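Just so it is clear, the model here is predicted, and its values are computed rather than measured. Just so you know, these numbers use all the heavy atoms, side chains as well, and skip hydrogens, waters and symmetry mates.
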Amino acid sequence: MFNSLSERLQDTFDKLRGKGKLTEADINVAMREIRMALLEADVNFRVVKDFVASCKEKCLTAEVLDSLTPAQNVVRIVLDQLTELLGTTESKLVLAQNRTPNVIMLVGLQGSGKTTAAAKLAYLLKGQGHSPLLAACDTHRPAAADQLATLGSEIGVPVFRGDGKDAVKVASASIREAVDHLNDIVIVDTAGRLQIDEEMMQEAVAIKQAVKPDQILMVVDAMTGQDIVNVVQTFAERVDFDGVIMSKLDGDARGGGALSVRAVTGKPIKFVSMGEKPDSLEVFHPDRMAKRILGMGDVYGIIEQAQKVADQEQIDAAERMLREGFTMDDLLGQMQQIRKMGGLAKIISALPGGERALAQQGGVDESSLGRIEAMIRSMTKEERARPKIINGQRRKRIAAGSGRSVQEVNQLLKQWGEMNKMMSKMRAATQGGSKKQRRQMQSMMRNMGMGGGMPSGGGGMGGGPGGF
């Protein structure tokens, strides 16, 4: 989403790093480039004006100009201001403790992704131990209730449709349905329009008065440009929403609307949708997003994703690897875990400088995971457990069975050898050293699921088949 903006900002910082000392003229040039980058990203011009003015004021202090590392200080200032622009701290979903069911109402324009966001939110809450009910209150758009019912069926969440005619009655009846079936959360999917009109706003207000929602979330299409400002201001005035779900953040638009929402309305971004799948709704972390925009990556995000997909079987496997060593089955497990985490491109983009590297190299070959899997599955059970026994004759057989070349099989075995060495070092670290060091290493292995969560180090994935 922010690739173009990120590239422009990183180029600006690179120019500053080439200077031993910064002058006021250098700061002015940098601020001008930042202003142009934000405007080209379709950030609201008033937001840009305030942002650049605040950055410039802080950059022109003696602390920056007289510093031995002035460029680093400028980057820090821009990072802090960008984080503040996006919301400073994570804004959690607030649910009433003394009310059952809690009601969450979604509003927004047609095409913003409300219905899909409702299902993703239900999936997220279900995973947290709640029992949500989806209420199909979009009675205007053809097949809207059918779409919600299909999505609800996919994630195992019930959908209440009522009479399908009066949205307010459907919303009210959904509360009674939730009480009768012990659902602790009702997610109300309301109707939208292609543009704001009075009928839509009146219906949203009527539903709000009828169900008295604990939280009202506005779903905003991240690909919307400057017009997003007028839309969110109108909804803020009429229904007074509590926060924003930013949809389609994985798209290729300029993304300026996402940077403008909080500054314009004061309402926090609570969730972002990073894909099409039910599990693609994520809690929004302003500081992490700011770092990604500035090319600093999101390492915490990678760790959290690895922890989320790690199950008990993988944790047991990680502990076995520490005792017995690294097998081809372990490598196959890591390939599968990378897929669960969203693929190589998603992982690399979350590393510092990752998105820039992907753009320069034209992306990453995701099919290489499949080629490795084919070669491993062409091995016998004994070969997977003891790759060192694979001689020349066995390599030819594996290559023929997987449809790959002997050279690729050799590369895979070399990759396994490097990773096995790394595992041996980690095993030595858990067996030697202090008890505290051993506990820390074992804890890291468990948290990351499978020996660190993804292949890395040495001649690892970089030298693997397919050119990772």
Pairs under 3.5 angstrom only: tabulate donor-acceptor contacts from the side chains of residues 201-212 to other protein residues two or more places apart or in another chain.
unit_1 : atom_1 : unit_2 : atom_2 : d
Gln202 : NE2    : Glu198 : OE2    : 3.3
Glu203 : OE1    : His140 : NE2    : 2.8
Lys208 : NZ     : Val239 : O      : 2.9
Lys212 : NZ     : Gln209 : O      : 3.2

Quiz item: Mind checking what makes side-chain contact (heavy atoms from CB on, under 4.5 Å) contact with Asp214, not counting sequence neighbours?
Solution: Ala96, Arg99, Asn102, Val103
Exercise. Verify the neighbour count for atom OH of Tyr123: are there more than 12 heavy atoms of other residues, nucleotides or ligands below 6.0 Å?
Key: no
Quiz prompt | Side chains of Leu93 and Ile104 in contact at under 4.5 Å (non-hydrogen atoms) | solution = yes
Quiz item: Does CZ belonging to Arg17 count more than 12 external heavy atoms closer than 6.0 Å?
Solution: yes
Quiz prompt | Polar side-chain atom of Thr116 near backbone of Gly113 as donor-acceptor pair, under 3.5 Å | solution = no
Quiz item: Is there a donor-acceptor pair under 3.5 Å between the side chain of Lys126 and the backbone N or O of Leu121?
Solution: no
Self-check item: Reported NZ-to-CE distance for the pair Lys270 and Met246, which is rounded to 0.5 angstrom
Solution: 13.5 Å
Quiz item: When you measure from the side chain of Asp180 to the backbone N and O of Glu177, does any donor-acceptor pair fall under 3.5 Å?
Solution: no
Quiz item: Quick one: CZ on Arg262 to CZ on Phe284, what's the gap to the nearest 0.5 Å?
Solution: 10.0 Å
Self-check item: Under-4.0 Å salt bridge between Arg141 and Asp146
Solution: no
Quiz item: Counting N and O atoms only, with roles assigned by atom type, does the side chain of Ser402 sit under 3.5 Å from a partner on the main chain of Ser378, one being a donor and the other an acceptor?
Solution: no
Exercise. Could you grab the distance from atom NE2 of His130 to atom CG of Asn183, nearest 0.5 Å is fine?
Key: 12.5 Å
Practice problem: Check whether any side-chain N or O of Ser54 sits under 3.5 Å from a backbone N or O of Asp50 as a donor-acceptor pair, and report yes or no. | Solution: no
Quiz prompt | Backbone of Arg8 reached by a side-chain donor or acceptor of Thr12 within 3.5 Å | solution = yes
Self-check item: Test item: Ser112 side-chain N/O and Leu109 main-chain N/O as donor-acceptor pair under 3.5 Å
Solution: yes
Quiz item: What distance separates Leu281 CG from Ser273 OG, expressed to the nearest 0.5 Å?
Solution: 6.0 Å
Practice problem: Can you establish whether the number of heavy atoms outside Gln233 located under 6.0 Å from its atom CD is more than 12? | Solution: yes
Quiz item: Is it true that the side chains of Thr100 and Asp184 contain a donor and an acceptor less than 3.5 Å apart?
Solution: no
Quiz prompt | Side chain proximity check, Thr115 to Gln110, heavy atoms < 4.5 angstrom | solution = no
Quiz item: Run the side-chain contact (heavy atoms from CB on, under 4.5 Å) check on Val219 and Val107 step by step: do they pass?
Solution: CA-CA 6 Å; Val219 182; Val107 298; over 6 Å; no
Quiz item: When rounded to the nearest 0.5 angstrom, what distance separates SG in Cys137 from CG in Leu106?
Solution: 10.0 Å
Quiz item: Should Phe51 and Val78 be marked as a side-chain contact (heavy atoms from CB on, under 4.5 Å) after you check the CA-CA gap, both sets of side-chain angles, and the distance that decides it?
Solution: CA-CA 9 Å; Phe51 177 84; Val78 174; 4.2 Å; yes
Exercise. May I ask you to decide if Thr150's main-chain N or O and Ser153's side chain share a donor-acceptor pair within less than 3.5 Å?
Key: no
Quiz item: Partners of Asp80 by side-chain contact (heavy atoms from CB on, under 4.5 Å), sequence neighbours excluded?
Solution: Arg76
Quiz item: Rounded to the nearest 0.5 Å, how far does CZ of Arg377 lie from CG of Asp329?
Solution: 9.0 Å
Quiz item: Are Asn28 and Lys56 close enough that a side-chain donor and a side-chain acceptor fall under 3.5 Å?
Solution: yes
Self-check item: Backbone N/O of Ile293 and side chain of Ser6: donor-acceptor pair under 3.5 Å
Solution: yes
Self-check item: side-chain contact (heavy atoms from CB on, under 4.5 Å) assessment of Arg384 paired with Ile376
Solution: CA-CA 7 Å; Arg384 290 193 204 179; Ile376 294 176; 4.1 Å; yes
Quiz item: Quick check: does any side chain N or O of Lys114 sit under 3.5 Å from a backbone N or O of Gly108, one acting as donor and the other as acceptor?
Solution: yes
Quiz item: Taking C-beta and beyond as the side chain, do Gln128 and Leu124 meet within less than 4.5 Å on heavy atoms?
Solution: yes
Quiz prompt | Side-chain donor-acceptor pair present, Ser280, Lys120, cut-off under 3.5 Å | solution = yes
